[in-house]
Protein chains: 2
Amino acid sequence: METCSETLVHPEAVAEARRVIDRAPVEALAETFKVLGDPTRIRILLALSARELCVCDLAELFDVSQSAVSHQLRILRVHRLVRPRREGKLVYYRLDDDHVRTLFAEGLRHVKEG
Amino acid sequence: METCSETLVHPEAVAEARRVIDRAPVEALAETFKVLGDPTRIRILLALSARELCVCDLAELFDVSQSAVSHQLRILRVHRLVRPRREGKLVYYRLDDDHVRTLFAEGLRHVKEG
DNA sequence: TTTATGTATGAGCAAATGTTCATTCGAGCA
DNA sequence: TGCTCGAATGAACATTTGCTCATACATAAA
């Protein structure tokens, strides 16, 4: 229930916070983190952190269907976290840029200091 | 369908990837990122990035029920992203550590370079 | 103690998510 | 042209998620 009083406790702080939030790309940020928030996608990115791999190898690696891997790769691709490269019948994927590695490093730091 | 051949295309690369994945705290990483992958929680963290705020103010700020905010704060608390401090009837929340800020910065960098 | 107000929690529900199955697309080869 | 095999996509389904509503807990004041 909405039991808080009508008057704010810290009006100026709330106003400041509102400005910060309005200025930030909230939805895009949440989207990016949400993409990273799945074990399968984390595994895919970890696997690609060393070198590129074809879809076939990734599917074998995680012991899930090729379809599942393709679905996840699509999500990662749309969010520019991985990039495909076709070579004959095979499609190789690799990390799109170094931001991914840095994000990983920060995530790890948080996890490890617990 | 599982249509890939039985033999791996790059056995040694897959083996190496498997080692990397086994060494990493995959589930914990995914959990952390998943927590950050929600607009409401992102807004809460942004609001707290400048200074601590009480639950009451946060609820007012996002125009959602106090219950919803409490539920999200609980999730953030469990994952050590925010920390509560009681002062009378009010409970103030603030960011738990600086990792959150760094994670945000990296997320922003990725989002902005699109 | 009783009451009031801020916060936390449980139940229930609609929406979103990740998987599998089935099918289609794409490239190379007979 | 057909055929094969790797990859992508759509549908269906079970699970998860985030919200609201109702209720319980906590602290301060009457």
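Worth saying up front: this structure is predicted, and the values here are computed from it rather than measured. In what follows, every chain begins at residue 1, and chains take the letters A, B, ... in the order their sequences are listed.
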Does [X] have any side-chain hydrogen bond (donor to acceptor under 3.5 Å, both in side chains) partners at least two apart in sequence or in another chain, and if so, which?
X	value
Asp98(B)	Arg101(B)
Arg51(A)	none
Glu12(A)	none
Thr102(B)	none

Q: Check ring pair (Phe, Tyr, Trp, His ring centres under 6.0 Å) between Tyr92(A) and all other residues, then give those that pass, not counting sequence neighbours.
A: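 Tyr92(A) satisfies ring pair (Phe, Tyr, Trp, His ring centres under 6.0 Å) with His10(B) once adjacent residues are dropped.
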Q) Looking at Tyr93(B), does any N or O in its side chain come under 4.0 Å of the phosphate oxygens OP1/OP2 on dG6(C)? A)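 False: Tyr93(B) side-chain N/O out of range (4.0 Å or more) of dG6(C) OP1/OP2.
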Only counting residues at least two apart or in another chain, list the ones meeting side-chain contact (heavy atoms from CB on, under 4.5 Å) with [X].
X	answer
Ala17(B)	Ala47(A), Leu53(A), Leu61(A)
Ala15(A)	Arg19(A)
Arg94(B)	Glu52(B), Arg83(B)

Validation: residues 28-40 of chain B side-chain donor-acceptor distances under 3.5 Å, sequence neighbours left out:
unit_1, atom_1, unit_2, atom_2, d
Glu31(B), OE1, His79(B), NE2, 2.8
Thr32(B), OG1, Ala28(B), O, 3.1
Asp38(B), OD2, Thr40(B), N, 3.1
Asp38(B), OD2, Arg41(B), N, 3.1

Q. Where along residues 33-52 of chain B does a heavy atom fall under 4.0 Å from DNA chain D?
A. Lys34(B), Asp38(B), Thr40(B), Arg41(B)
**Q.** Those residues of residues 68-76 of chain B lying under 4.0 Å from DNA chain D by at least one heavy atom
**A.** Ala68(B), His71(B), Gln72(B)
Q | Footprint string (nucleotides 24-30 of chain D, 5' to 3'): B base within contact, S backbone only, - free, heavy atoms under 4.0 Å | A | --SBS--
